[in-house]
Each structure stands twice: as structure tokens, then as C-alpha cells.
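A short worksheet on the structure shown next.
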Amino acid sequence: MNNRSIAPTFWDRFWRLANPKVFMGWSGRALPWVAAAAGLSLCSGLIWGYFFTPDDIRQGSTVKIIYLHVPAALMAINGYLLMFVGALVWLIRRQHVSVLAAKAAAPVGMVMTLIALATGAIWGQPMWGTYWVWDPRLTSFLILFLFYLGYIALWAAIEDEDTAADLTSVLALVGAVFAMLSRYAVLFWNQGLHQGTTVTMADGAQQDNISNVFFQPLLLSMAGFGLLFLTLLLVGTRTEVRSRRLKVLQARERME
């Protein structure tokens with residue numbers, strides 16, 4: 001009986017946070033703190049990683065690309081999964097803030113994917129002798145980048161916002177498959193040059209595939225990229241909400 005009485009209250013509060021007016025209120029208060037935390041953790045992680053860690057025995061200073069490549073790749077995948085959630089909420093609940101958040105996440109995720117591809121190519125050249133191979137993970141990441149581009153282009157091509165939201169949400173659901181493939185491609189296919197997951201947890205501790213001297217600043221960089229993504233997501237979503245309000249006001253003025 002208690003569970004039945006608590007559950008509606010929780011979900012009522014959850015959906016209330018997605019109300020445009022409520023969202024603008026709490027996001028405006030949270031944004032300065034999230035941005036400050038993003039700047040602090042990102043600068044600390046990158047400075048620590050690039051200037052205060054040694055060169056790797058086999059990879060030399062090239063290994064330090066990890067502080068850009070891994071966090072960017074992580075956010076590229078998680079950004080599309082966030083779009084998947086936003087699209088699903090829109091299709092089920094017709095919640096405008098969710099689809100506007102997905103729309104705002106797309107350009108940020110696309111840039112993260114581009115950073116991951118570029119840094120991966122720079123890292124791959126001295127390690128593999130080439131900037132690009134049709135490795136399963138690299139190929140799925142390239143397809144993910146194209147899905148990001150397609151999602152953004154589809155929003156721009158359709159004038160009616162609700163129709164655009166419907167079609168882009170379907171595209172986001174399909175693209176989420178490639179987001180998962182990008183994450184687990186090396187597990188699905190044994191062939192390929194790309195290594196396995198760099199950061200994994202087993203029994204509460206990271207495995208031996210990365211030394212602590214690189215692991216600790218990498219975690220800080222990952223936190224920084226995550227907070228940066230959240231900062232840009234909040235800014236972008238707030239901008240989309242304001243833009244939608246402005247269009248509604250302009251439509252009312254034309255009708256008067």
C-alpha cells in the first residue's frame with residue numbers, strides 16, 4: 001500500500017521537473033554550478049594528464065591523447081542514448097522539454113563524435129601505421145556520426161516542429177542501435193585493430209589494462225567532459241524552450 005502511494009508522488013514530481021516553466025527555473029539555478037564544476041574538473045584533468053603524467057613505455061607521449069579520446073567517445077555514445085530517452089519520452093508522453101533536450105544534445109554529441117574520430121586517427125597512425133582502418137568500432141562510430149548529421153538535418157528540413165519531433169525521434173531510436181554497437185563492437189566482432197575497453201570495473205577496482213598514474217587523471221577528464229556536456233545541454237535546451245516560446249508569441253501576433 002505504501003509503494004502504491006509513493007510511486008505516483010515520485011512520478012508526479014519527476015514529470016513536473018520537465019514542465020517548461022519549472023525546467024527553466026531549476027536549470028537556471030543549476031547552470032552556473034554545473035558550468036563551474038565542468039571548468040574546474042576539465043582543466044584539472046587535462047593539465048594533470050598532459051603535464052604531470054609520464055610517457056608510456058611503448059606508446060610514448062602519444063598515450064596522452066587518451067585524455068581527449070576516451071571522454072569524447074564516451075560522451076558521443078551517451079549523448080545519443082540521451083537522445084534515445086528524450087525521443088522515447090516524446091513519443092509516449094508528448095513532453096516538449098524531452099524532445100527539445102534531445103535536439104539540443106545532437107550538435108554537442110556530433111562534436112564529441114568528431115573529436116573521438118579525429119583523436120583516434122591521430123592516435124592510430126603511430127600505433128597502427130595508418131590513420132584509418134575499417135575496424136568494427138571505428139566503422140560504427142563513423143555511422144553514428146552520420147546519424148547525428150542526419151538527425152540535425154532532419155530537424156532543419158521540416159518546418160512543423162511537432163512533425164519534425166516525431167520523425168527525428170524515430171531516427172533517434174534507430175540510431176541508438178549504432179550507439180550501442182559503437183560501445184560494444186569489439187565484443188561482437190573479434191577482428192579489428194581497436195583495443196578493448198580502456199576503463200572497466202571489476203570487483204570494485206579497475207582492471208590491469210591501465211595504470212593508476214593514467215587512470216586517475218582520466219577519470220577527472222571523463223567527469224569534466226560529462227559536466228561540460230551537461231552544461232551545453234542545459235544551455236541548448238533553455239535556448240530551444242525560449243525559441244519555441246518566441247515562435248508561439250509571434251504566431252499569436254499574426255493572428256490578432
Side-chain angles (χ1 to χ4, degrees), residues 27 29-82 104-105 107-129 131-132 135 137-138 141 144-145 148 179 182-187 193-236:
S27 62
R29 293 188 296 271
L31 188 55
W33 296 97
V34 176
L40 181 61
S41 56
L42 188 59
C43 290
S44 300
L46 293 178
I47 291 173
W48 183 2
Y50 279 101
F51 297 103
F52 297 99
T53 58
D55 292 346
D56 185 65
I57 297 175
R58 288 173 293 181
Q59 301 185 48
S61 60
T62 309
V63 73
K64 297 184 180 183
I65 297 176
I66 194 174
Y67 301 114
L68 283 176
H69 179 71
V70 171
L74 181 66
M75 295 319 303
I77 296 169
N78 289 340
Y80 212 101
L81 294 181
L82 186 149
V108 185
M110 183 190 69
V111 172
M112 292 292 181
T113 309
L114 187 59
I115 292 173
L117 288 170
T119 53
I122 295 171
W123 198 357
Q125 204 285 328
M127 296 298 102
W128 304 336
Y131 288 104
W132 181 264
D135 178 275
R137 179 169 286 186
L138 272 64
F141 238 87
L144 180 64
F145 177 73
Y148 270 119
S182 300
R183 175 66 179 82
Y184 296 108
V186 293
L187 300 181
L193 295 176
H194 198 288
Q195 68 183 59
T197 303
T198 300
V199 180
T200 55
M201 302 298 290
D203 297 327
Q206 88 268 18
Q207 294 178 348
D208 295 332
N209 53 358
I210 181 171
S211 171
N212 266 330
V213 70
F214 301 115
F215 179 72
Q216 293 170 354
L218 177 59
L219 283 182
L220 197 54
S221 293
M222 291 167 64
F225 267 78
L227 290 168
L228 175 62
F229 189 98
L230 180 57
T231 300
L232 297 175
L233 176 64
L234 290 176
V235 171

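Values below: all heavy atoms of this structure, side chains included; hydrogens, waters and symmetry mates excluded. Along the sequence shown, residues carry numbers from 1.
Atom CG of residue Leu31 and atom CG of residue Leu232 lie 9.5 Å apart, to the nearest 0.5 angstrom. How far CE of Met75 is from CG of Leu81: 10.0 Å, rounded to the nearest 0.5 Å. The CZ atom of Phe229 lies 8.0 Å from the CG atom of Asn78; values are rounded to the nearest 0.5 Å.
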Given side chain to side chain contact (heavy atoms under 4.5 Å, CB included), test Val108 with Leu233 step by step and report yes or no.
CA-CA 8 Å; Val108 185; Leu233 176 64; 6.0 Å; no
Checking Leu220 against Tyr67 for the side chain to side chain contact (heavy atoms under 4.5 Å, CB included) test, could you report, in this order, the C-alpha distance in whole Å, the side-chain angles of both residues, the deciding distance, and whether it holds?
CA-CA 9 Å; Leu220 197 54; Tyr67 301 114; over 6 Å; no
In residues 33-51, what donor-acceptor pairs under 3.5 Å come from side-chain atoms, sequence neighbours left out?
residue	atom	partner	partner atom	Å
Ser41	OG	Ala37	O	2.7
Ser41	OG	Ala38	O	3.3
Ser44	OG	Leu40	O	2.7
Tyr50	OH	Lys64	O	3.0

Would you list the atom pairs, donor with acceptor, under 3.5 Å between side chains in residues 113-120 and any protein atom, with sequence neighbours excluded?
residue	atom	partner	partner atom	Å
Thr113	OG1	Gly109	O	2.7
Thr119	OG1	His69	ND1	3.0
Thr119	OG1	Ile115	O	2.7
Thr119	OG1	Ala116	O	3.3

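Nearest approach of Ala104 to Gly236, heavy atoms of both residues: CB-C, 3.5 Å. Of all heavy-atom pairs between Pro54 and Phe214, the closest is O-CE2, 3.2 Å.
Every residue two or more places apart in sequence or in another chain that forms a side-chain hydrogen bond (donor to acceptor under 3.5 Å, both in side chains) with Ser27 is listed here: Arg238.
No side-chain heavy atom of Val63 sits under 4.5 Å from any side-chain heavy atom of Thr53. At a threshold of 4.5 Å between non-hydrogen side-chain atoms, the residues Phe225 and Leu74 do not count as touching. Under the 4.5 Å side-chain criterion, counting only non-hydrogen atoms from C-beta, Gln216 is in contact with Asn212.
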